[in-house]
Each structure stands twice: as C-alpha cells, then as structure tokens.
2 protein chains.
Amino acid sequence: MTRIKETLETLSRKTGYSTTTVSRVLAGKAEQYRISKEAVRIIKREAEKSDFIPSSVAQSLRTHRTNTIGLVIPSVDNQYFAHLAHVIIEEARERGLMTIILSSMEDESNERIAIRSLVSRKVDGIILVPSGTDPFFAEETDETIPIVLIDRYYTVGSRLSYVGTDNYQGACDAMRYLVDNGHRRIACIQGPEDSSPVRERTRGYQDVLDQVDPDGYRCIAGDSFTVENGYMETKFLLNSDVPPTAVFALSNTILLGAVQAARESKVSVPGDLSLICFDDSVFMDYLSPAVTRIGQPTYEIGVLATKLLIKRMNGADIRENRILLPPKLILGQSVRSI
Amino acid sequence: MTRIKETLETLSRKTGYSTTTVSRVLAGKAEQYRISKEAVRIIKREAEKSDFIPSSVAQSLRTHRTNTIGLVIPSVDNQYFAHLAHVIIEEARERGLMTIILSSMEDESNERIAIRSLVSRKVDGIILVPSGTDPFFAEETDETIPIVLIDRYYTVGSRLSYVGTDNYQGACDAMRYLVDNGHRRIACIQGPEDSSPVRERTRGYQDVLDQVDPDGYRCIAGDSFTVENGYMETKFLLNSDVPPTAVFALSNTILLGAVQAARESKVSVPGDLSLICFDDSVFMDYLSPAVTRIGQPTYEIGVLATKLLIKRMNGADIRENRILLPPKLILGQSVRSI
DNA sequence: TATCTTTGCACAAACGATTGCGCATAACAC
DNA sequence: GTGTTATGCGCAATCGTTTGTGCAAAGATA
C-alpha cells in the first residue's frame, strides 16, 4: 500500500534531500554527480524500506522511452503464433523490455487500430505480422518507430525489415519429398492468397511439379488458415473423380481439417492418402500416423526479429533488411512411398 | 511522420486555439464547455489532417489511468494459457483496454518481478496465475491495484478474488467415469503439489476411490505439468508389478507424455491401458484414440475474470469473491469398459 | 587574506496531456 | 445606463520523473 503511493517527492521529504538527488542516487548516477556516500546510504535505505517503485509513466514522459515493444499478431490462440510470441516476450524481457500483444485477427483494419494504439503508447518498437496488403501506414510509422515484420511481408516493394522462413524452400522440400516417394497427383490446400507465405509456398509447389511433371495434375484449393478450410477442401478432393494421392497442407490448422476429413471418409493415411504440411507442433508427433511436416524456425525468427528491432531502436540504420531462415523437414509416417 | 510528432501544443499553434480548447474538443467535451461550432470544426479538421495521436503516456500521468491491464501467466507457450490469454486480450480490447503479458515460467521470483513491473507501469488492474505460495506481495498490491487470480489460488486464506474451474468436481467426474467403466486400479499423475488445482484434483481422485473401494489401490505420482513428467511416471507405472488399468493425467502435457510412454512400450490404449486427463485441446480429438478428458471452461474463465477485474477497477468493492465454474466431461475413446 | 577548485547538492524547466477556475465580451432585462 | 446572465475561451497548476545549470560551502593554493 505504501509502496505504490511512494514518489520521489515523498522520498525527498523523508530523507531531506531534493528529488534531484534522490533520482540520481536511485538511477545509479551518484558517482557521476558526486553525491556523498552518506546521502547515498540514507536514500537507498529509505527507498528500500518503503519499497519505492518509480513511475514508468513519468519516466517515459520525460525520457521519451517506454522500454516497451508492441507485438501485433493474428491471434495468440494459434500454436505457431503463440510460440513466436513466447520467444519474443522472453527475448525482450531479457533485455528489459515489456511486450504488449495485440491481435489483429487477420483483419487489416484491426491491424491499423493496433498500430495506432501502439504509437499512442509511445512504444519503442513494433514487431508485426502484417494482415493487410497496404504497407503505407506501417511504412509511415516506421519513419519514427522501428517496425520489424515477421512471418509475412507486404506485397509490393516495401522497404520494411523482415524476418521469416524461406517458405519457397520449405515448399520445395515438402514437394520433393512427395515426388521422391513417387507422388505426382498432389493437391495443395492453401491459406489466403494475398499472404506472402502462401504465395511463396504455392510457387514451390508449382515449380517442383513443373520440373518433374510439366503437364501433369495441378490443384491449388482453399483460401484460409483454418481447420474448416482444410476439412472442406479435403472433402472435395476425396470426392473428385481422380483423387490426389497426396495432399500438401499449407498450415497446421489446414492439416487438422484434412486429417478429420480423411478419418470421416474412412480414407487411410498414408495408405490411401499421403499428408504433408507446413508448421511444426508438439502434437504432430502424437497423431497416428505422425505427420511429416516442414518445421519453421520459430525460435530463431523470434530471437532475430527482436534483436534486429532492438538494434534499430538503438539507432542502427538498417532499414532494408530481409532475413530468410531455412525450414526443416521433419519426418513422420504420413507419406507413403508409391 | 508528422503524425507522430504532433502534440496539443502544435495543434494549438496551427489553429490559434489554446491547448485547453483543443483538448476539450478532441475529448468530445465541446458541448460541456461551450466551445463554438466554428472552433470545433477548425480543430477537428486540423487534427484529422495531421492525423493527431495523443500521447497516452502524458494522459496517464495526468489522469492516473493507463487503460492497460497486466496478465501474468506461466507461459503463453501452452495451449491452455494461450487460449486464456487470447480470451482476455480480446475481452479487454473490447472495453478499450490493452494487455501486457508477462510470463512467470512457474517461478515465484519471476512472478514478483512481473508484478513490480506492472505496478511501475501503473496498470489499472492485474490478472494473475499465481506460481508461488506466498500471497503477501500480491495481496499488498491488491490494496491499490485490483488483482484477480485465475486458474489457481494461493494456499492459505488469502482474500484475493479468484475465477477458476471447479477442479474437485472435474476430478470426481473423471474418476466416476473410470469407475463406472469398471476401473479400480487407477493411477493419478499430478503436477506440482503446491498448486491448488493439483490439490483439488487429487482430492477428487481420493474421494471417489474412498467411496467405491476404501482399501484398494492408490497411486499419486509425478510433480510437474510437463510432458517429461507424464512420460516418466507412465513408464514407471507400466513396469510396476501390477500396473494400473487406467491413468488419470492431471494436465494436457502430462497426457502427452503418457501417450508417448504407452506407445513406446507397445501398450495399447485403451486396450491395455485407459487414459483420461484434465484440459481440453483441439488436438485431443485427433489423437488415436481420441482422448476422454475434462475440459475447463477457459472462455468463461477469461471473460468472467476480465469483467470482475474491470468492475473492481471501477471501484466496486467486491474483494472476496471466488467463482468456480463447472468443467465438462468430453468423451473420446481412450477409456475401455472392463 | 584573497583567489581558485572541488565538493555536494538544489532550482526550475521540461515532457504532453487534463482541469478548476476565472475573465472578457456580448446579450439581455429593466 | 446599469446590473445580470450567458457565451466562449484561456491561464496556470498538476501528474512524477529527469537533467542542464547554478550556487553555496569547504578545501586548496598562493
């Protein structure tokens, strides 16, 4: 109770020193300002005794630093983003920064509102998973408050910093694996087409098939990173005239939908249908069969993004900076060799 | 760029009105203070044109409100807490509140540091999953900043508000289900013993068995909410002289470990071993067999906790308030009738 | 004794908003 | 013409820090 009402002013009164001196002592600048040992002792003792906690609000107003970063993600209720958020929160905390999380729910207008709030709160930097396609607002903000994009980037030639997975490479790896196991009739269930990872991944799908089977089967279906989408599209595929022998699901959620659809239709995996997907998750190994997948280096993305952001917060002028990290093929038993 | 540097002062200069008037107009208090239509028009136009975003920092300092709540959870990298966080973030946002997430990693000292940071940042309220056993610090903080506990509560008679699952009821439901299916040799793999949900759940385990089989088999093993713990303890159990016919895992993580152990030991679920656990999760339905479990009402917990917190932030004096919400038995195929 | 340095600290102005109070000027009543 | 009320707005203090500058007292130097 006392603790919270304490201010430099009250401490000043109690110790007989000015707020200036108290402030300097508590900021560890006693030496620098030649405060006597005596004063330091008295002030520190009193501060400790009353458990003084300085107001970051006042500090921020005065110093123009909030020691806070903003994190805008679609939703924390998604393993992939939750893990990313976790890594970022921890990494930031180790460097004395707090994290404010805002969810955009994949909505462009939410995203703008979120950025505005963060600007209003004077955060020192922003890590953003862009949901929209228009980089203008973010770019303008970036002039003053550094922004680092993760997971996705804006369509057109935006100069915003970016850290993410090499999605093209990942998709190629997945497709190569299927192809090497004899698959040719491979369908791809995607997320929203205006998302950069989707574009990169479908490009990988196309390119690999174009190499090994130029005029063969092609099927890119779906439009969102949801279980429902995965379910629906798989249903369609399974009921088509000549169903694919393998499905490449572009996210963990889509995969779950696919699994459900297959199970419902009594289609055995990998007996009748092989599955491979993007995103890793603890539970992927617990499914039967365990899912073969492309794991994204979420830890590395989170750490690198935070580090890059902090560098820029400290004035480094490394605006145009795109970092692509390699994905990893994780083998399960969901792909059959045919 | 302009946008971010704008202040009441600059707007005042541009429009020729005082900061007082500008402030009042932008706060929607023009009527109240009899500002002319003319002035309102000019000021609003200018504010819009330069996209003025007021500094929440300055506002907070002056008004003693940050419109921010703090959320301290073990880790967002856990489906259960991630979902809880998601619900709270959304609920808070709808009421104009931002959420700062701090992870305690189940560590008491981290928890205190987290609370201190939140106090320093002058958050308007705190939602906390307590990791420690000593309520003192939280209680003292609660004198000034309302705190609502979720998921767990402190051991001794703390008066802090609390919203959570009726863990005893849930455990009884789970045990009843096992017993009704003929099981008597039931082992329980628990989390840390000083956590209130663990105590409530093991109490349910005991009570049900005491009713149906007073002198029968009892086994409560384990000590943490981790996959490893579930794995290890299950290994032990499976190798004991007379293994249990069913395992009651007290969390989703523990369950995963149990599944892994059973799979490794070629023990069929539910053929040789029945499984039931606490916590719901999307993927529980995708395991084979789907896991029979006790789902916690996370959505309701999140919403109620936020609402309760906001009420208290607005001055309601409802300190001692413990809300227990009913869990739900969700049937899978992981329990065999014997 | 007079001057210069060092020591030890405080004054007061910021930071950017909000808000109690007050003060012109205009409108109106009589 | 005088008193009263309404209208429209600004002054200046305040929130709790940080920080550039200044200044008295003590010590050193000559």
Side-chain angles (χ1 to χ4, degrees), chain A residues 2-44 46-47 50 52-68 117 119-124 144, chain B residues 2-44 47 50 52-68 119-124 144:
Chain A
T2 94
R3 165 163 60 106
I4 294 171
K5 310 284 187 184
E6 211 75 29
T7 71
L8 282 189
E9 172 66 22
T10 67
L11 232 45
S12 158
R13 252 201 290 279
K14 287 193 203 169
T15 59
Y17 290 97
S18 72
T19 59
T20 303
T21 302
V22 176
S23 166
R24 285 178 173 149
V25 166
L26 298 182
K29 296 184 180 169
E31 299 264 323
Q32 185 182 341
Y33 287 97
R34 305 189 298 262
I35 314 290
S36 63
K37 304 287 171 201
E38 167 82 352
V40 170
R41 210 177 41 74
I42 297 183
I43 291 174
K44 283 199 171 166
E46 188 56 41
S50 53
F52 171 65
I53 302 178
S55 160
S56 315
V57 173
Q59 289 178 322
S60 298
L61 182 59
R62 179 60 227 242
T63 62
H64 299 286
R65 262 230 158 206
T66 52
N67 296 312
T68 303
S117 315
V119 168
S120 167
R121 286 186 138 72
K122 309 287 177 192
V123 294
D124 299 331
T144 318
Chain B
T2 97
R3 165 162 59 106
I4 294 170
K5 309 284 188 184
E6 211 76 29
T7 73
L8 282 190
E9 172 67 21
T10 65
L11 273 184
S12 159
R13 252 201 288 281
K14 287 193 202 169
T15 58
Y17 290 97
S18 72
T19 59
T20 304
T21 302
V22 175
S23 167
R24 285 176 173 150
V25 167
L26 298 183
K29 295 182 179 169
E31 299 263 322
Q32 186 183 339
Y33 286 97
R34 304 189 299 260
I35 313 290
S36 64
K37 304 287 171 202
E38 168 82 351
V40 171
R41 209 177 41 73
I42 296 183
I43 292 174
K44 284 200 170 165
S50 53
F52 171 64
I53 302 178
S55 159
S56 315
V57 174
Q59 288 178 323
S60 298
L61 182 59
R62 179 60 226 248
T63 62
H64 299 286
R65 264 229 155 207
T66 51
N67 296 311
T68 303
V119 168
S120 167
R121 286 189 139 71
K122 307 290 177 192
V123 294
D124 299 332
T144 318

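A note on names: the letters A, B, ... follow the listed sequences, proteins ahead of strands, and every chain is numbered from 1.
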Does a side-chain N or O from [X] land closer than 4.0 Å to OP1 or OP2 of [N], or not?
X: B/Ser55; N: C/dG16; value: no
X: B/Thr19; N: D/dG10; value: no
X: B/Ser36; N: D/dC9; value: yes

Review point. Which part of the nucleic acid, if any, lies within contact of A/Ala27, taking any heavy atom under 4.0 Å across all strands shown: a base, the sugar-phosphate backbone alone, or nothing?
Key: nothing

Practice item. Assign B/Lys29 to base, sugar-phosphate, or nothing according to its heavy-atom contacts below 4.0 angstrom with the strands shown. Key: sugar-phosphate

Return the nearest nucleotide to the side chain of [X]; candidates are [options].
X: B/Phe52; options: C/dA17, D/dG10, D/dT17; result: C/dA17
X: A/Leu8; options: D/dG10, D/dT17, C/dG16; result: D/dT17
X: A/Arg34; options: C/dC9, C/dG16, D/dC9; result: C/dC9
X: A/Thr7; options: D/dG16, C/dG16, C/dC9; result: D/dG16
X: A/Tyr17; options: C/dT19, D/dT17, C/dC9; result: C/dC9
X: B/His64; options: D/dC9, C/dA17, D/dG16; result: D/dG16

Which one of [options] satisfies the side-chain contact (heavy atoms from CB on, under 4.5 Å) criterion with [X]?
X: B/Leu11; options: B/Thr19, B/Thr21, B/Leu26; result: B/Leu26
X: B/Arg121; options: A/Ser60, A/Ser55, A/Ser56; result: A/Ser56
X: B/Phe52; options: B/Leu8, B/Ile43, B/Thr10; result: B/Leu8

Using whole Å, what does the distance between atom [atom2] of nucleotide [N] and atom [atom1] of [X] come to?
X: B/Glu31; N: D/dC9; atom1: CD; atom2: P; answer: 13 Å
X: B/Gln32; N: C/dT19; atom1: CD; atom2: C1'; answer: 10 Å
X: A/Ile35; N: C/dG8; atom1: CD1; atom2: C1'; answer: 7 Å
X: A/Arg121; N: C/dA17; atom1: CZ; atom2: P; answer: 14 Å
X: A/Leu26; N: D/dT19; atom1: CG; atom2: P; answer: 14 Å
X: B/Arg65; N: D/dC15; atom1: CZ; atom2: C1'; answer: 16 Å
X: A/Lys5; N: D/dC15; atom1: NZ; atom2: P; answer: 13 Å
X: B/Tyr33; N: D/dA6; atom1: OH; atom2: C1'; answer: 17 Å

Check your understanding: So does B/Thr20 reach the base of D/dA12 with its side chain, donor to acceptor, closer than 3.5 Å?
Key -> yes

Review point. Is there a donor N/O on one and an acceptor N/O on the other, under 3.5 Å, for the side chain of B/Arg24 and the base of C/dG20?
Key: yes

Review point. Hey, what do you get for CZ (B/Arg24) to OG (B/Ser18), rounding to the nearest 0.5 Å?
Key: 7.5 Å

Review point. So how far is it from B/Leu61 CG to B/Thr63 OG1, rounded to the nearest 0.5 Å?
Key: 8.5 Å

Practice item. Indicate yes or no for a side-chain donor-acceptor contact from A/Thr66 to the backbone of A/Lys122 under 3.5 Å, with no hydrogens or angles considered. Key: yes

Exercise for review: By nearest nucleotide on DNA chain D, pick out whichever of B/Leu61 and B/Glu38 is the more 5' one.
Suggested key: B/Glu38

